[in-house]
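To start, the structure under review is shown below, and the notes come after it.
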Amino acid sequence: MTVRLHWFLPTGGDGRTLVDRHAYTDGGVTRSRVTPVSGVRPPDIDYLAQIAKAAEHLGFEAVLTPTGTWCEDAWLTTAALAQHTERLKFLVAFRPGVISPVLAAQMAATYQRVTRGRLLLNVVTGGDGTEQRRFGDHLGHDERYGRTDEFLSVVRGAWTGKPYDFDGRHYQVEGGLTALPPDPLPEVFFGGSSPAAGPVAARHADVYLTWGEPPAQVKGKIDWIRGLAEREGRTVRFGIRLHSISRDSSAEAWRTARALLDELDADTVAAAQEALGRSESVGQQRMLALHGGSRDQLEISPNLWAGVGLVRGGAGTALVGSHAEVADRIEEYHALGVDHFILSGYPHLEEAYWFGEGVMPELAARGLFERPGKGGLGGAPLLVAGGR
């Protein structure tokens, strides 16, 4: 089986260093920084369209679009970008706690028709209580996963095209439906590392998504979810979220990785680590444990670098090395059972080309990658992830 490759849309801003909301003194609204940084690129539609077009041209299947206070709205942004592309799919993130599941089902069905099947829906359960409350959501961590469980049940029910009733703890629906359901019905991707997340993945996920932990830890997650799914009488596939820094030589790639940290002083890193440490997300805490907030020994596994996680929330690791070495690591994860690779890099435009022109041919030569055709879009999966 070949791998499925996806890229990322930096709707919170991009640049030549690690750009993230935790590194801004003002949350990124005016781009003021604890440490002054040059070359920050605002996420306007013209720049994002360059990335989307590059991803489509290079052969990525889709682009993940995040959700949160410091990002542009994913639905509106990607709907605009769909007019600039022909084949590329969009992984649109949103939170189940702030929208009706029947409305979400309707929006997804409409988006599918408008874009001719190019929507992938990323339902983010949420692991940061402060961020959730900002959107009016006051449930605790485990309760949020219980609500996601119900949310997905209602979405599925509404997609049958027949009136659907649901009486749960979080949702009570009478006659919910989408008059014109999406065809074909979407797949479901889901992410979450906590005990509360596992059973939800087992019941609803077609693909379970994890952040880029070392292979042995990823294997542990795969075995965990696989076992839970078997008890539900289901089979689950797997995906991983990583950054990528590949170059013509390993030495050049590692120089590029270290340069990303050059403009980040100790105070900036400490502030980011303090903010990230307050997260309720088990996955986020697992990311932090990989480096402990220190710049020492950031290569936590061969070609797996944890430097991104010093200031960035969510996905905090990058594959670093020559094109062949990065392909080796993708092949290693794939051998464990990972099929979907959602990648990104700073800046996202240039790194898309480094990966697309360097690593993709390596994977193709090994029979691990087949570039998507211009026709026959096929089904549009629903991606349910615990972050970005």
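Throughout, numbering of the chain's residues begins at 1 and tracks the sequence.
- Looking only at distances, no side-chain donor or acceptor of Thr85 sits under 3.5 Å from a matching main-chain atom of Arg87.
- Side chain of Thr11 to backbone of Cys71: no donor-acceptor contact under 3.5 angstrom is found.
- With rounding to the nearest 0.5 Å, the separation of OG1 in Thr210 from CD1 in Ile225 is 9.5 Å.
- Across all their heavy atoms, Arg95 and Gly68 have their closest contact at NH2-CA, 3.4 Å.
- Residues in residues 312-339 take part in no ring-ring contact (aromatic ring centres under 6.0 Å, His included) pair, two or more places apart or across chains.
- Contact check on Asp128 versus Arg144 returns no salt bridge, with no Lys/Arg side-chain nitrogen under 4.0 Å from an Asp/Glu carboxylate oxygen.
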> Between Val236 and Val207, does a side-chain contact (heavy atoms from CB on, under 4.5 Å) hold up when you go through it step by step?
Replying inline: CA-CA 5 Å; Val236 176; Val207 178; 5.7 Å; no

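- Comment: Arg203 engages Asp149 in a salt bridge, judged by a side-chain N to carboxylate O separation of less than 4.0 angstrom.
- The backbone N or O of Leu119 lies less than 3.5 Å from a partner atom in the side chain of Gln112, making a donor-acceptor pair.
- Arg255 contributes atom CZ, which lies 5.5 Å from atom OG of Ser249 (distance to the nearest 0.5 angstrom).
- Nearest heavy-atom pair, Tyr353 versus Ala54, reported as atom, atom and distance to 0.1 Å: CE1-CB, 3.6 Å.
- Cation-pi geometry between Arg247 and Trp354 is met: under 6.0 angstrom from the ring centre, within 45 degrees of the axis.
- Although no hydrogens or angles enter the test, the distance criterion places no donor-acceptor pair under 3.5 Å between the side chain of Tyr164 and the main chain of Val102.
- In terms of heavy-atom proximity, Trp254 sits nearest to Val320 at CD2-CG1, 3.5 Å.
- Checked options Leu368, Leu242, Leu319; the residue passing with Ile330 is Leu319 (criterion: side chain to side chain contact (heavy atoms under 4.5 Å, CB included)).
- Here the side chain of Ser194 pairs a donor or acceptor atom with the backbone of Ala197 at under 3.5 angstrom.
- Between the side chains of Arg147 and Thr125, no donor-acceptor pair of N or O atoms lies under 3.5 Å.
- Between Phe8 and His348, the gap from one ring centroid to the other is short of 6.0 Å.
- The pair Glu362-Arg366 counts as a salt bridge, with a side-chain nitrogen and a carboxylate oxygen less than 4.0 angstrom apart.
- Listed for the Gln172 side chain is no donor-acceptor partner under 3.5 Å among the backbone atoms of Asp167.
- Rounded to the nearest 0.5 angstrom, Glu86 CD and Arg118 CZ are separated by 8.0 Å.
- Counting heavy atoms from C-beta on, the side chains of Pro43 and Asp14 never come closer than 4.5 Å.
- Defined by atom type and a distance below 3.5 Å, a donor-acceptor pair is present between the side-chain atoms of Ser250 and Glu325.
- A salt bridge is defined here as a Lys NZ or Arg NE, NH1 or NH2 lying under 4.0 Å from an Asp or Glu carboxylate O, and Glu143 with Arg169 meets this definition.
- Between the CG atom of Leu64 and the CG atom of Asn122 there is a distance of 5.5 Å, given to the nearest 0.5 Å.
- Closest non-hydrogen pair, Ile342 versus Leu91, comes out as CD1-CD2, 3.9 Å.
- A salt bridge is absent between Glu332 and Lys219: the closest approach of a Lys/Arg side-chain nitrogen to an acidic carboxylate oxygen does not fall below 4.0 angstrom.
- A salt bridge links Lys221 with Glu213: at least one charged nitrogen is closer than 4.0 Å to a carboxylate oxygen.
- Here the side chain of Thr77 pairs no donor or acceptor atom with the backbone of Ala74 at under 3.5 angstrom.
- With respect to Glu131 and Arg134, a salt bridge is recorded, a charged nitrogen being found less than 4.0 Å from a carboxylate O.
- Taking each heavy atom of Gly212 and Leu304 in turn, the nearest pair found is O-CD2, 3.8 Å.
- Rounding to the nearest 0.5 angstrom, the gap separating the NE2 atom in His204 from the OG1 atom in Thr148 is 9.0 Å.
- Residues in residues 102-143 take part in these ring-ring contact (aromatic ring centres under 6.0 Å, His included) pairs, two or more places apart or across chains: Trp75-Tyr111, His141-Tyr145.
- Ile245 CD1 to Ser344 OG: the interatomic distance, rounded to the nearest 0.5 Å, is 9.5 Å.
- Nearest heavy atoms, Phe190 versus Ala205: CB-CB, 3.7 Å.
- Checking each of Pro215, Ser244, Ser301, Pro302 against Arg329 for a side chain to side chain contact (heavy atoms under 4.5 Å, CB included) leaves exactly one that passes, namely Pro302.
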>> I'd like to know whether His243 forms a side-chain contact (heavy atoms from CB on, under 4.5 Å) with Tyr346, so could you lay out the CA-CA distance, the side-chain angles of the two residues, the decisive distance to 0.1 Å, and finally the verdict.
In response: CA-CA 9 Å; His243 304 277; Tyr346 296 90; 4.2 Å; yes

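- Remark: the backbone N or O of Leu139 is paired with a side-chain donor or acceptor of Asp137 at under 3.5 angstrom.
- Under the ring-ring contact (aromatic ring centres under 6.0 Å, His included) criterion, Phe60 pairs with Trp7, Phe355, not counting sequence neighbours.
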> Passes side-chain contact (heavy atoms from CB on, under 4.5 Å), Asp339 versus Phe238? Steps please.
Replying inline: CA-CA 6 Å; Asp339 296 324; Phe238 298 91; over 6 Å; no

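- Using a 4.5 Å heavy-atom cutoff, the side chains of Pro10 and Leu48 are in contact.
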>> Between Val308 and Thr317, does the side-chain contact (heavy atoms from CB on, under 4.5 Å) criterion hold? Intermediate values first, please.
In response: CA-CA 6 Å; Val308 180; Thr317 53; over 6 Å; no

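- Put simply, the side chain of Arg113 gets close to the backbone of Leu180: a donor and an acceptor are under 3.5 Å apart.
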